[in-house]
Undergrad: 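Once you've had a glance at the structure underneath, I'll fire off some questions.
Values in this document were obtained by computation on a predicted structure and should not be read as measured data. Below, chain A is the first sequence line, B the second, and so on; all start at residue 1.
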Amino acid sequence: MKLIGLLDCNNFFVSCERLFRPDLHDRPVAVLSGNDGCIVARSNEVKDLGVPMGVPHFKVKDVLSEAAVTCFSSNFTLYRDVSSRVMSTLRELVPEVETYSIDEAFFVLNVPNEEAAVEQLRHIKQTIEQRVGVPVSLGAATSKTIAKYASEKEKRGSGVCVLVGKEWQKETGTTQLSQVWGIGARLSERLREHNLHTVADLLAADRTRVAKLFGLGGCRLFDELSEQPVYRLGERNRQTQKSIMSTRSFKTASTKKSVVADAISYHVHHAAAELRELGLQCRYLQVLARPNHYSDWTLRQGSAECTLPAPISDTRVLLTHAHELLDSFFDAEVPYKKAGVVLGWFSDADIAQPDLFGESVEAATAERVLDVFDAINQKYGREVITFGRAVSAGAWAPARELLSPRYTTNWLELPSVKA
DNA sequence: TCTGGGGTCCTAGGACCC
DNA sequence: TCTGGGGTCCTAGGACCC
């Protein structure tokens with residue numbers, strides 16, 4: 001039988017932090033979002049305290065300090081590196097892998113029967129935990145949606161779970177629809193209004209009625225949960241990505257144009273570097289700046305976009321356009337709290353059509369400048385050199401006061417071991 | 001004082017056309 | 001009484017995910 005498996009790293013960001021802080025292994029640990037704003041990862045100890053996911057840090061500060069919780073600012077450099085170790089290990093063990101997020105991957109499981117599937121999952125779990133050191137949970141089923149549920153089910157138990165046929169049927173009566181992948185707050189409320197609470201309730205309903213009430217998404221859900229898989233495994237890698245976004249909230253709001261402009265410059269540098277790293281060029285640029293989401297200024301947000309005459313990845317050209325766009329909507333009355341850029345409409349840099357009237361000598365020089373530019377920044381850390389002002393610290397830069405070292409990707413921050 | 005950042009996909013509604 | 005109808009394309013916004 002051919003099953004779909006799901007690998008999920010438990011409390012991933014917390015586990016990454018613990019990897020280099022063994023003293024925190026059975027201690028409560030939490031990781032904060034950018035700007036140290038929200039809780040985005042919790043160890044089991046913190047979950048048991050009743051601290052919800054995504055809650056603003058300031059709301060639970062007292063609870064956290066009372067329980068002596070160790071908090072970290074998010075350290076994506078570290079998490080990305082650990083993630084790639086997990087994924088490459090998984091790739092050695094199974095034929096087909098789809099990286100779904102930084103801490104999850106779907107994969108194909110070819111096994112003679114369910115017992116063998118459980119065995120195989122155990123083997124994957126053991127290998128990853130031994131080689132990489134972060135705890136993982138695995139699920140397998142006929143469809144992605146059920147596999148996802150299976151991986152959650154034994155998270156605190158054996159860590160592996162296969163749900164096929166009768167085993168899955170047994171679950172449906174007690175599985176709340178709100179727990180199902182793809183059903184968020186809105187949809188689960190609408191389902192409740194129609195007296196649909198558990199998976200069994202939904203499966204007992206008439207499919208055409210479900211289609212009418214809940215559209216395409218409802219149909220897919222219905223099929224996935226009836227073991228009629230809709231979503232296939234597909235390599236959704238970075239080459240097929242459709243947009244690159246770089247945005248960030250400021251530490252404090254600002255009405256100054258120079259501050260917002262600095263932020264925009266920084267984000268253009270950041271997004272363009274990523275674009276080149278992927279070997280892509282873009283034809284779409286959007287610039288946005290918005291006030292605090294929770295203030296009276298909510299409706300005064302601005303954004304502007306443009307289509308570029310030819311596909312590019314040159315930071316300097318993007319900077320020019322970005323600042324023109326900012327000029328077009330910037331409003332000196334508004335206290336901006338967040339700014340960013342979005343790049344889109346990608347094409348491959350190798351096969352991209354050059355501008356019909358572009359001067360090829362200039363283009364070749366530009367390319368060499370950018371190669372050197374990227375090489376220097378890669379060697380000495382991001383944004384060591386920039387085109388014009390692109391300050392990564394200052395009035396707009398977010399707070400990251402509890403950051404851990406980049407243990408695995410920066411020579412200066414390697415952990416030292418004393419014998 | 002203090003509420004993330006980066007994505008994808010679907011839908012409804014308007015514009016336009018014949 | 002009776003206001004065409006149906007198709008396509010585009011876009012903004014919503015919902016969801018991690």
Undergrad: Describe the nucleic acid contact of A:S74 in one word from base, sugar-phosphate, nothing, applying a heavy-atom distance below 4.0 Å.
TA: nothing
Undergrad: Considering every strand and a 4.0 Å limit on heavy-atom distances, what is the contact class for A:L187: base, sugar-phosphate, or nothing?
TA: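 The residue A:L187 makes sugar-phosphate contact but no base contact.
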Undergrad: Around A:Q130, counting heavy atoms of other residues, nucleotides and ligands shown, do more than 12 lie under 6.0 Å from its CD?
TA: no
Undergrad: Any base atoms under 4.0 Å from A:D103, or only sugar-phosphate, or nothing? Heavy atoms, all strands.
TA: sugar-phosphate
Undergrad: Taking atom P of B:dT3 as reference, at what distance in whole Å does atom CE of A:M53 sit?
TA: 17 Å
Undergrad: Select base, sugar-phosphate, or nothing to describe what A:I183 touches, counting heavy atoms under 4.0 Å on all strands.
TA: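 Result for A:I183 = sugar-phosphate.
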Undergrad: Could you tell me if A:S249 and A:N35 have a donor-acceptor pair between their side chains, going purely by distance under 3.5 Å?
TA: no
Undergrad: With both distances under 3.5 angstrom, what nucleotide forms a Watson-Crick or G-U wobble pair with B:dC16?
TA: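 B:dC16 is paired, partner C:dG7.
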Undergrad: Would you say A:E227's side chain and A:G165's backbone share a donor-acceptor pair under 3.5 angstrom?
TA: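 Yes, A:E227 side chain to A:G165 backbone: donor-acceptor pair under 3.5 Å.
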Undergrad: Touch check for A:K338, heavy atoms < 4.0 angstrom, all strands: base, sugar-phosphate only, or nothing?
TA: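 Contact class for A:K338: sugar-phosphate only.
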Undergrad: Looking at A:S249, I'd like to know whether one of its side-chain N or O atoms comes within less than 4.0 Å of OP1 or OP2 on B:dG5.
TA: yes
Undergrad: What's A:R400 touching, base or sugar-phosphate or nothing? Going by heavy atoms closer than 4.0 Å.
TA: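 Nothing, no heavy atom under 4.0 Å.
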Undergrad: Rounded to whole angstrom units, what separation is found between the CD atom of A:E224 and the P atom of C:dC16?
TA: 17 Å
Undergrad: Give the rounded distance in Å between these two atoms: CZ of A:F346 and P of B:dG6.
TA: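 Answer to the nearest Å: 13 Å.
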Undergrad: Find which nucleotide of DNA chain B each of A:N35 and A:S243 is nearest to by heavy atoms, and output the residue with the more 5' nucleotide.
TA: A:N35
Undergrad: Give A:V60 one of three labels, base, sugar-phosphate or nothing, depending on what nucleic acid heavy atoms sit under 4.0 Å from its own.
TA: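 If one applies the 4.0 Å heavy-atom cut-off, A:V60 turns out to touch nothing in the nucleic acid.
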Undergrad: If you assign A:S33 and A:L216 each to the DNA chain B nucleotide with the nearest heavy atom, which residue ends up on the more 5' nucleotide?
TA: A:S33
Undergrad: Counting just side-chain N and O atoms, does A:R220 come under 4.0 Å of either OP1 or OP2 of B:dC9?
TA: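 Checking B:dC9 against A:R220, no side-chain N or O comes under 4.0 Å of OP1 or OP2.
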Undergrad: Taking A:F214 as the fixed residue, which of A:L202, A:L191, A:L221 is the one that meets the side-chain contact (heavy atoms from CB on, under 4.5 Å) rule?
TA: A:L191
